[in-house]
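Reading through the structure tokens given below for one structure.
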There are 2 protein chains.
Amino acid sequence: MRVKEGNKEIDIIEAAVKVFAKYGYHNSKISKIAETANVATGSVYVYYKNKEDILLKIFSDLWTKLYDELDLIVSNTSLSSIEKLDAMIDLIFDVFSEEPSLALVFVNEQNHLEQSNKKGFTNYYEKFLDRGEEIIKKGIDEGLISENIDLTIFRNFVFGAIRHLVHCWARDPKTFTINKTRMNVKLFIKHGIAK
Amino acid sequence: MRVKEGNKEIDIIEAAVKVFAKYGYHNSKISKIAETANVATGSVYVYYKNKEDILLKIFSDLWTKLYDELDLIVSNTSLSSIEKLDAMIDLIFDVFSEEPSLALVFVNEQNHLEQSNKKGFTNYYEKFLDRGEEIIKKGIDEGLISENIDLTIFRNFVFGAIRHLVHCWARDPKTFTINKTRMNVKLFIKHGIAK
DNA sequence: TTTATTTTTGAATCATCATTCAATAAAGAC
DNA sequence: GTCTTTATTGAATGATGATTCAAAAATAAA
């Protein structure tokens, strides 16, 4: 018998995140991912069915993690709805601030998967948004949030805004300080910009 | 001498928008674009240098149009800053509501061009955002808009939010009525959601 | 050691298009 | 009708890169 050395499965994913971030999914070669992971080209196919399967894994890991953390926030009874909303925003920025490459992949490639309509990741992504929506609903019930808003529109409004800002930050961390960005986002969402 | 029949240059662009929207840029074949435009494959290369050149033309046309229209709004002295802001939002939704395919291409492929860092379109895109930012600056000077906001963050916040909503609408026009969407967006931007 | 089993390898295969270009067609000038 | 010029064509070319697979290497058990 022979035993696996290290964990190539993880090495490949980490390499893929870097390579996808740098070149974009379609311009990334499997051979480059393999090289980055210190692994032979063929090994990639031992662990993943094909190129898209790698992207799928990246996203399902990401959304699983985000969902689980959001779940903790939503079920935390000691927070008000507004505080939960803030915590959700912090969560997203925190997850990406540790990994700029992942942020780039997240922003640039999510649409691909939505187009090829792979479930398994769409599930978690939708569930995440649904869970976030619960916060808003509760806030409306409690009279903290305006009842004139369309929830579906709102959640996509926020999602799009944050996604783009994460992108800006990942491309140019100097201009977009994470902290200033997240503070502004919280302000915009709660109070808008009008005086 | 022979004279051109119709306008293949435009036919190709219109076909490309449809094909890119349906399959995504990287999965779109030149032969499919040619077929859709009722033109031979080779003709595409008479009018455009290569595949990316077509995408570039689509985006530069789009941003040129958006910029020119925004310019009219900004220079309209009979509008307040807040009214200009609303008009800008209407502008974007109007441009895309006529062409769902263009909306999809806009959302899905803009990053490609930013990555390959083609000027000529980036110019207009940046100019558009700069011009929009002027509206906000003026609003702050006039005391209509809060002075505590970071302009760079704000403009990207709004851009990302609208882009994603346009995307949602283009994929599923039933769920996202243009009018309801634009009304909510104006509300969120000006007043946020807190009571 | 030797053998059996599992992992790893990377060169060869194969399919997929973007792009080219020699040939053809059309239109106006004469 | 013939000639010249320009537009159009689409099959052939060539490059690229995902995927495969037979061989090699590593380990544990015997």
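Naming: A, B, ... by sequence-line order, numbering from 1 per chain. Just so it is clear, the structure is predicted and the values come from calculations on it, not from any experiment.
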Salt bridge (Lys or Arg N to Asp or Glu O under 4.0 Å) contacts touching residues 151-164 of chain A (sequence neighbours left out): A:Glu126-A:Arg155, A:Asp130-A:Arg155, A:Glu133-A:Arg155
Under the ring-ring contact (aromatic ring centres under 6.0 Å, His included) test, residues paired with B:Phe188 that sit two or more places apart: A:Phe154, A:Phe157
With B:His164 via ring-ring contact (aromatic ring centres under 6.0 Å, His included) - residues at least two apart: A:Phe159
Specify the separation, in whole Å, of atom NZ of A:Lys49 and atom P of D:dT20. 10 Å
B:Ala40 side-chain proximity, nearest of C:dT9, C:dT8, D:dG10: D:dG10
Rounded to whole angstrom units, what separation is found between the NZ atom of B:Lys8 and the C1' atom of C:dA26? 11 Å
Review item, nucleotides 15-18 of chain D N/O atoms under 3.5 Å of protein N/O:
from	atom 1	to	atom 2	distance (Å)
D:dG17	OP2	A:Lys29	NZ	3.4
D:dA18	OP1	A:Ser28	O	3.0
D:dA18	OP1	A:Lys51	NZ	3.2
D:dA18	OP2	A:Ile30	N	2.8

With respect to the phosphate group of C:dG10, does any side-chain polar atom (N or O) of A:Thr41 fall under 4.0 Å of OP1 or OP2? no
Whole angstrom value for the distance that separates C1' of C:dA18 from NZ of B:Lys32: 17 Å
Here the distance between atom P of C:dC17 and atom CZ of B:Phe20, to the nearest Å, is 14 Å
Name all residues meeting the side-chain hydrogen bond (donor to acceptor under 3.5 Å, both in side chains) criterion together with B:Lys32; count only those two or more places apart in sequence or in a different chain, and write none if there are none. none
Looking at residues at least two apart in the chain, or sitting in another chain, which of them share a side-chain hydrogen bond (donor to acceptor under 3.5 Å, both in side chains) with B:Asp61? B:Lys57
Compute the centroid of each ring, for A:His26 and then for B:His112, and state whether the two points are separated by less than 6.0 Å. no
Rounded to whole Å, the CG-P distance (B:Leu55 to C:dA18) equals 13 Å
Side-chain N or O of A:Ser43 less than 4.0 angstrom from OP1 or OP2 on C:dT8? no
Just call it for B:Tyr47: base, sugar-phosphate, or nothing, with non-hydrogen atoms closer than 4.0 Å on any strand. sugar-phosphate
